[in-house]
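Single-structure report; data block below.
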Amino acid sequence: MTEKKYKRHLVTAALPYANGAAHIGHLAGVYIPADIYVRYLRLKGEDVMFVCGSDEHGVPVTIRAEKEGITVQEVVDKYDQIIRDSFKEFGFSFDNYSRTSRKIHHETAQEFFADLHKQGKLVKKTSYQFYDPTANQFLADRLIIGTCPTCGNPDAYGDQCENCGRTLSPDELIDPRSTLSDAALEKKETEHWYMPLDQYEPWLKEWILEGHKDDWKPNVYGQCKSWLDSGLHPRAITRDLDWGIPVPLSNSEDKVLYVWFDAPIGYISATKEYFEQKAPDGSLKDEWKKYWQDEDCRLLHFIGKDNIVFHCIMFPAMLKAHGDYIVPENVPANEFMNLQERKISTSKNWAVWLHEYLREFEGKQDVLRYVLTSNAPETSDSMFTWEDFQKRNNNELADNLGNFVRRPVALTHKYYGGVVPPLNAIEPEDQELIDALAEFPGKIGKAIEEYKFREGLAHLMDLSRLGNQYLQKTSPWLLHKEDQKESQNGGEKKHTERIETILHLSLQVAANLALLCEPFLPFTAEKLRTMLNRSKWNPNCIQWNETGGINIITPGQTIEKAIVLFEKIEDKTIQEQVAKLEATDEANKAELEAKDGTTEEKSAEPIKDEIVFDDFVKLDIRVATITAAEKVKKADKLLKLTLDTGVDVRTVLSGIAQHFTPEEIVGKQVCVLANLAPRKMRGIESQGMVLMAEDSDGKLKFVSPTEALQNGSVVR
RNA sequence: GGCGAGGUAGCUCAGAUGGUUAGAGCGUCGGAUUCAUAACCCGGAGGUCGGGGGUUCAAUUCCCCCCCUCGCCA
């Protein structure tokens, strides 16, 4: 899209928030696409810096600390470690993975703020905010609860009602109170610094709405347009909290920077830190500026759709206001990935956690990379299911890719003792293969450059399919068999050269796959390199542009025995994962019920098989009045009812004795299934059935008309 | 309520600046084959491209209205 040639690329992946572990949603939306992109650029020989780190400020970590009964520092340490370790094991190729609690970040963020302040780019405003007099502090929105004005939920948070999903501000809550002390709140004056986003609105409009109309993804562009069209307002960038980066101004010691102000600056700190660690003597001290303050560098933010506003509006405005920085060239945000029909939720533990996956599927990093890439939420929300995971592994990775590579390798060992045969005369079908092969690096590369990773991966699989087709068409094993027969009969082997050529070319395809799969499946790439005895193909020195040819593997060289690249995944394994999610679901329900007695209805029974209207018409349901009721002897549950159905008076037995006394139901109007075949219980014939409904506690209630009706009225 | 994104084969998803038979993978059905992890290969069936109107020689693609899902904002 962009014509401009850049000397360098700075790629950032959204900072994961340190209040929980990383899950497949994060991977599919942000980290895998970013990693594919970066690995590809490196293979192209580009200068790339890839940074990320843990985001450790803000209110949710403090709430998490409360919940887990540990300090905030312990919370962020814990989750930083979990995320850091799992990212490393999963193979993300960050040049630096930092954290925002580090000194270098605090300094960088404070300096940034101070620069803006010094230049007069910030606005100071006074506002009234909720204050908890008992806890002696201002309260973050999340720490205020009250009654939701929309749905009446008494425990809605100051920023959102979890019952109806409505976004709120604390002022809208009815009877707001503090979660810290349960005290009634007072409003108190406080001063904060604001980023006057309104001042940058014209620039943002021109930059995004006109400048990036065609090269930003529709979801990103649309989201920005939505914000810009509705008009920007100054946004507070400081908070009255005790967890965060202190505002670097005198008499502001009790204030900290807003987490969304400091977090994106984390990308800058991470870059600085990279060079600090690389050259502790300080000789590369200013090198980071080549990535942040030089128009020859291209800045790219990989994020999820929830971060669009901060990366497309807020942070660029900050960078622009500062004046020394470049702004992002693109922000390829993905949508969300759902898990088995439902939204992924950290708080509800509805997720596949990366660290757990790595433990339960050891050595299968690439399987998850593959599945999440092939179904990535690039244009709209997508869905992960364990069944799909299994199928993609078994049918695509194992049966297609793994199988293809194995075929020529096994044949080479069988026929030539593992020595790569020469290339002889080329037939038309060979030329077809060679021509097609040459197209792949370009096709895959173009897809990656356009952030269409799903498409790129599909091309890769097409190459493997092409290999399978070629082998099928040429069937070297048949030629070999013919030769065997001939020579047994004292004849001449006629196909020797042909078989050599076929296997040679098949191995070249496998070798190309080994290189081209590197951005998507780095672990597989490594295994393939070993199998083809090309472990010296360092991904950093083989150039992408050299692929597509048939000279990657040399005749006469040996190759290793074929290994199984992808094991099949058994049904049992998948069932275990599904069961695990079901258990989570159960646990959530139990917790919900324990929390408040006002049980949300427990999950309703599934709908029964479809019937046609005629089936329904067969039921004769009437309104009737209970004229008498008595307990049935020797039966705990049964009441004998006398009903006036308007057409007759009849006896019906009903198993409701544990829920109602005879006295309280006489005179009540109910619905009765009047044409049910009579049935004898305890010696008494029951001539119908009274309709009842059961609530979540198992309590029975009558299904009755809301207004009195004539007995015998038909229900339909 | 306003705005944004999406609603395409059984499933998960592509695509089309409007134009001959709308695609892929998986699933399904049939055939062929055995080098390979019962894998591969060939072929078939399956879609009034959310609903309704309009513009046009022509709309699934453009315009309007409505419905549904997700998100942002109030």
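Quick caveat, the model's predicted, so the values are computed rather than measured. Residue numbering restarts at 1 for every chain, and letters A, B, ... go by the order of the sequence lines.
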Atom NZ of A:Lys205: over 12 foreign heavy atoms under 6.0 Å: yes
Mapping A:Lys414 and A:Gly222 to their closest nucleotides on RNA chain B, which lands nearer the 5' end? A:Gly222
Does any nucleotide pair with B:U61 by Watson-Crick or G-U wobble geometry, both distances under 3.5 Å, and what is it? none
Candidates B:C41, B:G6, B:C70 - which lies nearest the side chain of A:Ser380: B:G6
Report the nucleotide, chosen from B:U37, B:U12, B:C70, that has the shortest atom-to-atom distance to any side-chain atom of A:Lys568. B:U37
Taking the side chain of A:Asn395 as heavy atoms from C-beta outward, which of B:U37, B:C26, B:A36 is closest to it? B:C26
Value in whole Å for how far the P atom of B:C70 lies from CZ of A:Arg342: 14 Å
Looking only at atom C1', what distance separates B:C49 and B:A16, rounded to whole Å? 10 Å
When the ring planes of A:Phe302 and A:Tyr451 are compared, do they come out parallel, tilted or perpendicular, using 30° and 60° as the limits? perpendicular
Mind checking if A:Lys452 touches a base, just sugar-phosphate, or nothing, with heavy atoms under 4.0 Å? nothing
Nucleotide forming a Watson-Crick or wobble pair with B:C3, both distances under 3.5 Å: B:G71
First encountered from the 5' end of RNA chain B, between A:Asn400 and A:Glu567: A:Glu567
For B:A9, the Watson-Crick or wobble partner whose two distances fall under 3.5 Å: none
For atom P, what is the distance between B:G50 and B:U33, given to the nearest Å? 43 Å
Quote, to the nearest angstrom, the P distance that separates B:G19 from B:U61. 11 Å
Nucleotide nearest A:Leu565 (side chain, heavy atoms from C-beta), chosen from B:G71, B:C41, B:U37: B:U37
Side chain of A:Gln223, heavy atoms from C-beta onward: which of B:C13, B:A36, B:C72 has the nearest atom to it? B:C72
Report the C-alpha separation of A:Asn330 and A:Lys217 in whole Å, then their side-chain angles, then the decisive distance to 0.1 Å, and conclude whether the side-chain hydrogen bond (donor to acceptor under 3.5 Å, both in side chains) test is met. CA-CA 9 Å; A:Asn330 208 331; A:Lys217 293 171 66 169; over 6 Å; no
The side chain of A:Asn468 lies closest to which of these nucleotides: B:C41, B:U37, B:C73? B:C41
Give A:Glu455 one of three labels, base, sugar-phosphate or nothing, depending on what nucleic acid heavy atoms sit under 4.0 Å from its own. nothing
Separation of the C1' atoms in B:A45 and B:C40, to the nearest angstrom: 22 Å
Span that lies between the C1' atom of B:A9 and that of B:A22, in whole angstrom: 10 Å
Counting the atoms with a prime plus P, OP1 and OP2 as sugar-phosphate, which does A:Phe566 contact under 4.0 Å by heavy atoms, base, sugar-phosphate, or nothing? base
Can you figure out which of B:C35, B:C26, B:C70 approaches the side chain of A:Glu396 most closely? B:C26
Expressed as a whole number of angstroms, how long is the span from A:Lys217:NZ to B:G6:P? 11 Å
Which part of the nucleic acid, if any, lies within contact of A:Ser382, taking any heavy atom under 4.0 Å across all strands shown: a base, the sugar-phosphate backbone alone, or nothing? sugar-phosphate
Between B:G27 and B:C67, how many Å separate the two C1' atoms, rounded to a whole number? 30 Å
Closest to the A:Lys391 side chain, choosing from B:A36, B:G27, B:A5: B:G27
Answer with yes or no whether A:Arg406 presents, from its side chain, a donor or acceptor under 3.5 Å of a partner atom in the base of B:A36. no
Please verify the inter-ring angle class for A:His459 with A:Phe440; under 30° counts as parallel, over 60° as perpendicular, anything in between as tilted. perpendicular
Between CE of A:Met383 and P of B:U69 the distance, given in whole Å, is 16 Å
Is it the case that A:Lys320 places NZ or CZ above or below the six-membered ring of A:Tyr200, under 6.0 angstrom from the centre and within 45 degrees of the axis? no
From the list B:C70, B:G25, B:A5, which nucleotide is the closest neighbour of the side chain of A:Asn219? B:A5
With a 4.0 Å cut-off on N to O distance, would you call A:Lys443 and A:Asp462 a salt bridge? no
Rounded to whole Å, how long is the line connecting atom NZ of A:Lys561 with atom C1' of B:U37? 17 Å
Choose from B:G4, B:C35, B:G25 the nucleotide whose nearest atom is closest to any side-chain atom of A:Arg465. B:G25
Between B:C3 and B:U21, how far apart are the two P atoms, rounded to whole Å? 38 Å
For residues A:Phe361 and A:Trp386, establish whether the separation of their ring centroids is below 6.0 Å. yes
Checking base pairs now: Watson-Crick or wobble, both atom distances under 3.5 Å. What partners B:A38? none
If I take atom CG in residue A:Asn394 and atom P in nucleotide B:U12, what distance separates them, rounded to the nearest angstrom? 19 Å
